[in-house]
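Reviewing the structure listed below.
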Amino acid sequence: GPNGAWTITDNSPAFDGCGYATSPNTWYVSGAECGNAAGTCGTSCGTTDPSLHIGSTTMGDMGASFDAGGWCDYGLGGWGSGTQTDARCESPTINCTGQSNITLSFNYIENGNGVLDNATLWYFDGTSWSQLFDLAKTVLCGGQGRWTNYSQTLPASANNNPNIKIGFKWVNNDDGAGTDPSFAVDDITLSTTGSVVDFTCEYFYSNPQTPYGNTIVAGLNHISSCEYWILTRNAGTASKTITLTWDASSCGVTSLPDLRVARYDGISTWQNEGNTATTGNITTGTLSSGVVSNFSPFTFASIDITNPLPIELLNFNAIYNGIDVDLSWSTASEINNDYFTIEKSIDANNFENIITIKGAGNSSILLKYFTKDLEPFYGTSYYRLKQTDFDKNFTYSKIISLNINKKSPLEIISINKETENTCNTFIRVGNNPIFNLEIINITGKVVFSSQYNFTSENVIKINFDTRNFEKGLYILKTFDITDIRTKKFIIY
């Protein structure tokens, strides 16, 4: 979600109690276990209110109500083996800087076979993990579990800590007992009764001199002409150090010691907020101010003619016209500008020079540039504009991407059960008429394989016999000389 990716630390054993390689349960986020309100029973709800829950690896995401106790020796080779699990799902890093007296709350359901199938709450202080609480089993209702609220104050080490995490650990054996339900959690919230400091930061990739002018305090030589930030303090009275970041799009950093943070005073003048620390190099890095108590627009400044920050690039575009690529850009001003170089890449990391265009030198009027890439890459490629001064200092524009699709890709549209003993799949055939189709079981064995040849691009239907397939999870794989597509399905 918007707070970042959760991760899983899996300490599940390699073999179950039956001597088979385990297939431990895993964590899912879906509406197979709906994130219902506290006091209500567990249900499924499609995609409307997903929860974080333990589900089956052998049967897929069936919600928290399924496969918690394992399938030890069930079906032998067709299923693989048991589902002995010891897996902790861990939140992304949570920044609690400036916060204290932090309370964690969430809704959950849990059951299973006592301590043999058990959920626990964990906490990371930036250095190590520790168990906070062994969560109590919740009431069974309607064949599921009743969603129950839990809250707890985090340890004092969470106060003002920028690196905490929350974890939920599920452990079960593979005795097949206590499978309904396992564990699910939703509505995870951190709240604080400590002092509240709230800021809003907005970034603008445009000339700050247009809305705010270029009057500067004595001691500054000039300010940036291509980017600025507006920092607004919404709550609290705290003073802060401001750190700005530059990269290849930042209009020319050439001397880190001469950089300064400039703040518009809201009246007429850009003030000097200092340079207390820098990191990085002239291509990418950070600049920190002194302690600031008033908040308004901020941008880069320089105390002398270094750090030219010279070109106000209005736009840079790459458009495929059916034959080649039209490249265009325009500038509102140029200072000491020798030439532009167009660079392109297939991976956005390794660029090659393709065209050099002479710059205007010095200009304060709108200038437009146009050229072509006569040999573009097919598929997705990337372009950037390099600007070089007479003194050989240079800066880059932002990287833009372009997709030239010269063929239709292979696509698995759907997999459906047609009769008791047959399934079908609808395949969109690409421009490569010959493709292969395979069905692979949970152990990795190919149980069906065939090659097809269609002379036109269309959607086709392929039937396959499932009467000799055991129940379980399968993967349908289709591929041609350029594309590979896979899709999971379950035979009940």
Side-chain angles (χ1 to χ4, degrees), residues 203-207 225-227 246-252 283-284 310-334 337-360 363 365-389 394-413 426-435 453-460 478-487:
Y203 174 75
F204 299 87
Y205 191 60
S206 60
N207 188 354
S225 62
C226 71
E227 62 186 334
W246 72 84
D247 59 19
S249 302
S250 294
C251 298
T283 301
T284 180
I311 303 301
E312 185 185 353
L313 183 67
L314 297 179
N315 54 66
F316 175 48
N317 300 300
I319 300 175
Y320 180 60
N321 60 25
I323 300 174
D324 46 39
V325 175
D326 295 326
L327 298 161
S328 62
W329 65 99
S330 59
T331 63
S333 62
E334 299 181 24
N337 179 27
D338 190 2
Y339 60 88
F340 296 99
T341 307
I342 302 290
E343 300 181 351
K344 71 177 179 180
S345 169
I346 201 67
D347 60 4
N349 290 312
N350 301 296
F351 283 85
E352 61 179 272
N353 298 344
I354 58 172
I355 301 167
T356 297
I357 302 292
K358 186 67 177 175
S363 170
I365 63 173
L366 175 66
L367 295 177
K368 297 182 179 181
Y369 296 85
F370 178 82
T371 188
K372 286 179 176 287
D373 180 7
L374 300 177
E375 298 180 348
F377 297 134
Y378 294 127
T380 300
S381 59
Y382 303 87
Y383 291 88
R384 69 183 181 187
L385 183 67
K386 179 181 179 181
Q387 179 271 320
T388 303
D389 292 340
F394 59 87
T395 59
Y396 288 103
S397 71
K398 289 187 175 180
I399 297 171
I400 59 176
S401 63
L402 178 68
N403 183 46
I404 302 177
N405 190 2
K406 295 295 287 184
K407 69 179 186 65
S408 299
L410 194 64
E411 180 184 6
I412 302 172
I413 298 175
F426 286 87
I427 306 289
R428 189 185 307 280
V429 183
N431 284 349
N432 300 309
I434 299 176
F435 70 97
N453 188 348
F454 290 85
T455 58
S456 62
E457 181 180 355
N458 54 12
V459 176
I460 63 169
T478 182
F479 56 97
D480 59 21
I481 60 174
T482 59
D483 290 309
I484 299 176
R485 298 288 184 267
T486 60
K487 203 176 191 71

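In this text the structure is predicted, and so the values were computed from the model without any measurement.
A donor atom on one side chain and an acceptor atom on the other are found under 3.5 Å apart for Asp373 and Tyr383. Side-chain N/O atoms of Glu352 and Asn350 include no donor and acceptor closer than 3.5 Å. Checking Thr341 against Asn353 by side-chain atom types alone, no donor-acceptor pair falls below 3.5 Å.
Ring planes of Phe316 and Trp329: perpendicular class, angle over 60° (limits at 30 and 60°).
When side chains are defined from C-beta on, Glu375 does not count as touching Asp324, because their heavy atoms never get closer than 4.5 Å. Side chains of Arg384 and Ser397 form a contact here, defined as non-hydrogen atoms less than 4.5 Å apart. For the pair Phe351/Ile399, a side-chain contact is recorded, criterion being any heavy-atom separation below 4.5 Å from C-beta on.
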**Asked** How far apart are the C-alpha atoms of Ile427 and Phe435, what are their side-chain angles, what is the distance that settles it, and do they pass the side chain to side chain contact (heavy atoms under 4.5 Å, CB included) test?
**Response** CA-CA 10 Å; Ile427 306 289; Phe435 70 97; 4.2 Å; yes
**Request:** Go through the steps for Ser330 and Asn315 under the test side-chain hydrogen bond (donor to acceptor under 3.5 Å, both in side chains), then give the verdict.
**Result:** CA-CA 6 Å; Ser330 59; Asn315 54 66; 2.9 Å; yes
**Message:** Run Asp480 and Ile434 through side chain to side chain contact (heavy atoms under 4.5 Å, CB included) and show every step you take.
**Reply:** CA-CA 6 Å; Asp480 59 21; Ile434 299 176; over 6 Å; no
**Item:** Steps toward side chain to side chain contact (heavy atoms under 4.5 Å, CB included) verdict (Phe479, Arg485)
**Value:** CA-CA 6 Å; Phe479 56 97; Arg485 298 288 184 267; over 6 Å; no
**Asked** Would Thr380 and Leu402 satisfy side chain to side chain contact (heavy atoms under 4.5 Å, CB included), going step by step from the backbone distance to the final call?
**Response** CA-CA 6 Å; Thr380 300; Leu402 178 68; over 6 Å; no
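Here the side chain of Thr284 pairs no donor or acceptor atom with the backbone of Asp247 at under 3.5 angstrom.
Closest approach of Ala348 to Tyr382, counting heavy atoms only: N-CD1, 3.4 Å. The shortest non-hydrogen separation linking Asp389 to Asn337 is OD1-CA, 4.1 Å. Closest approach of Ile404 to Val325, counting heavy atoms only: CD1-CG2, 4.0 Å. For Ile355 against Lys372, the heavy-atom pair with the smallest separation is CD1-O, 2.6 Å.
Within 6.0 Å of NZ in Lys358 there are more than 12 heavy atoms belonging to other residues, nucleotides or ligands.
Here the CD1-OG distance, from Ile354 to Ser345, works out to 11.0 Å after rounding to the nearest 0.5 Å.
Judged by a 6.0 Å distance limit and a 45° cone about the ring axis, Lys386 is not positioned over the six-membered ring of Phe340.
Between Phe370 and the options Asp326, Ile357, Leu327, a side-chain contact (heavy atoms from CB on, under 4.5 Å) holds for only Asp326.
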